[in-house]
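Presented below is the structure to which this report refers.
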Amino acid sequence: MELTNQEQAMLDGKEGYAVRKSMEILVALGEIFGAKNLIAVDSVQVAGVSYHNLGDAGLEFLDTLSKDGKVKVLTTLNPAGMDLENWQQLGISIDFAEKQTLVIEAFQRMGILISCTCTPYLIGNLPLYGEHLAWSESSAVTFANSVLGAKTNREGGPSALAAAFVGKTPCYGLHLDKMRAPDIHVSVNTEISKLSDWGALGYAIGKKAENKIPYITGIKTAQLDELKSFCASTVTYGTKPLFYIKGITPGAELQVQPSQTVSIESTDLKSAYDNINDDVSDIDFVCVGCPHCSIKEIQEIAELLRDKKVKESTEFWVATSRIAKHHADNRGYTATIEAAGGKFACDTCMAVAPLKGRFKALATTSAKGCFYSRQNLMKTKMGSIKECIDAAVTGKWN
Ligand code: F3S
């Protein structure tokens, strides 16, 4: 890879250990993927924040980097393993909380915004069309590439952090226009109505367009919350972190419709639901907010929960960013949800919190949430926000 004098100086250690280590990571990555050079990034989103995933080795690595490294561009964090303020109420142990706090303090020393959300685009890290980024959480990467028209590969935690210290990333993959062309046409021939249908659609397309970039036709309208749900599921179940929806996402009109076509019929959606939903009726955990809830979704939850009570044997979480929670506080939604027995899980989510073995059956709006919760040994049910609220109140999935 060709390096500028300044990049070579960073690789030689002129800016300290963290930057040298970062350059080593970026150069190694660039050489593996055949990048010719590094390219400047406008922002970074770092995953690998939960102590549950990092362990002591990860914490030590971050601690060492934080001793002399400061990020060069706007850098935000993915969800951590716990709500940073309200962890006790969510049943997190003191030992875990202490370690998670050390992780967060290390990121803070690096100059990273302690945002802890997978929807950075809702809280101030909003890229523009064509900007280059180094983001790592898969739904956020897909949203940035597809809905915003920015350009990012799906970085690992270390390579995103390295890009933050250097302000650059190797120029390969989805940074190159020629690598962003769609390679399969997906004709959607069925109605997509409620939020979870977008999760089911993502599942169905992910399975049919595995490891490809879909060019999707047949969708007439889409709202932000629907697209963020779709981004999470399509990439979880198989596509590259980029899609085009004709008439909806930016840049779709510039692409040529691929000749290879697959279709999505109502039977495909039904089969997606059948695969995601387990045969279970007793629900002990309900979580809405994968990806993290927008303020609009929190409003809907509050309206549905007004004057109701979450069943005592069921835990109900609203997973969201701290900023969205702040707005919910001001609008009175928090009070309504908490009065009903619901809990806010800010800064964290059902996939990265240490939940293995704690719950038996999850109800959620999210296909991605179901995927990861199965790894945490839960049975899963996916449906609308209303169906999830009903499950929280009755402890049953009907
Ligand atoms: Fe976000 Fe966690 Fe879902 S990171 S997309 S809420 S699995």
Side-chain angles (χ1 to χ4, degrees), residues 45-54 76-84 90 92 100 103-104 107 114-123 125 135-147 152 154-157 160 195-196 198-199 202-203 206 224-239 241 276 285-295 297-298 301 316-325 343-356 359 362-378 380 382 385 388:
Q45 192 246 0
V46 175
V49 181
S50 172
Y51 174 71
H52 186 55
N53 304 327
L54 286 165
T76 54
L77 282 187
N78 207 42
M82 64 181 197
D83 186 309
L84 301 181
L90 299 183
I92 301 294
Q100 184 64 71
V103 170
I104 295 298
F107 282 127
I114 306 304
S115 52
C116 296
T117 182
C118 52
T119 55
Y121 45 87
L122 295 181
I123 59 107
N125 186 356
W135 283 21
S136 43
E137 194 281 317
S138 64
S139 78
V141 168
T142 309
F143 193 95
N145 276 321
S146 314
V147 181
T152 175
R154 184 177 167 182
E155 301 291 343
L195 184 62
S196 55
W198 287 86
Y203 177 100
L224 183 141
D225 291 325
E226 296 168 340
L227 288 172
K228 82 177 163 61
S229 172
F230 178 69
C231 286
S233 81
T234 190
V235 71
T236 298
Y237 288 101
T239 63
I276 291 167
F285 183 40
V286 179
C287 183
V288 180
C290 173
H292 270 174
C293 277
S294 67
I295 189 65
E297 290 173 311
I298 298 173
I301 294 165
F316 175 52
W317 286 11
V318 178
T320 192
S321 66
R322 191 148 297 281
I323 289 182
K325 159 82 164 35
K343 295 175 184 173
F344 273 81
C346 296
D347 320 309
T348 188
C349 83
M350 62 182 125
V352 296
L355 295 182
K356 195 171 254 176
F359 301 109
L362 165 83
T364 182
T365 50
S366 169
K368 178 177 179 180
C370 292
F371 179 88
Y372 284 101
S373 295
R374 279 183 176 165
Q375 293 180 2
N376 277 335
L377 310 179
M378 290 177 223
T380 57
M382 179 179 74
I385 292 183
C388 289

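Given the structure is predicted, the values throughout are model-derived calculations rather than measurements. In each ligand, atom 1 is the first atom listed, and ligand 1 is the first ligand listed.
The shortest heavy-atom contact between His52 and Ala353 is CD2-O, 4.1 Å.
Ranking protein heavy atoms by distance to atom 1 (Fe) of ligand 1, first place goes to Cys118 SG, 2.4 Å. With respect to atom 5 (S) of ligand 1, the closest heavy atom belonging to the protein is Lys368 NZ, 3.5 Å. When only non-hydrogen protein atoms are considered, atom 2 (Fe) of ligand 1 lies nearest to Cys349 SG, 2.3 Å. Annotation: atom 3 (Fe) of ligand 1 to nearest protein heavy atom, Cys290 SG, 2.3 Å.
Note on ligand 1: Ser366 sits outside its first shell, no heavy atom being nearer than 4.0 Å. For the pair Gly369 and ligand 1, no heavy-atom separation below 4.0 Å is found.
Within the 4.5 Å cutoff, side-chain heavy atoms of Trp198 are placed close to those of Leu227. Arg322 has its side chain within reach of Asp83: a pair of non-hydrogen atoms, C-beta onward, lies under 4.5 Å apart. Put simply, the side chain of Met382 does not reach to within 4.5 Å of the side chain of Ser366, judged on heavy atoms.
Side chain of Ser146 to main chain of Thr142: a donor-acceptor pair is present (N/O by atom type, distance under 3.5 Å, no hydrogens or angles).
For ligand 1, the atoms lying closer than 4.0 Å to a non-hydrogen atom of Ser139 are 5 (S).
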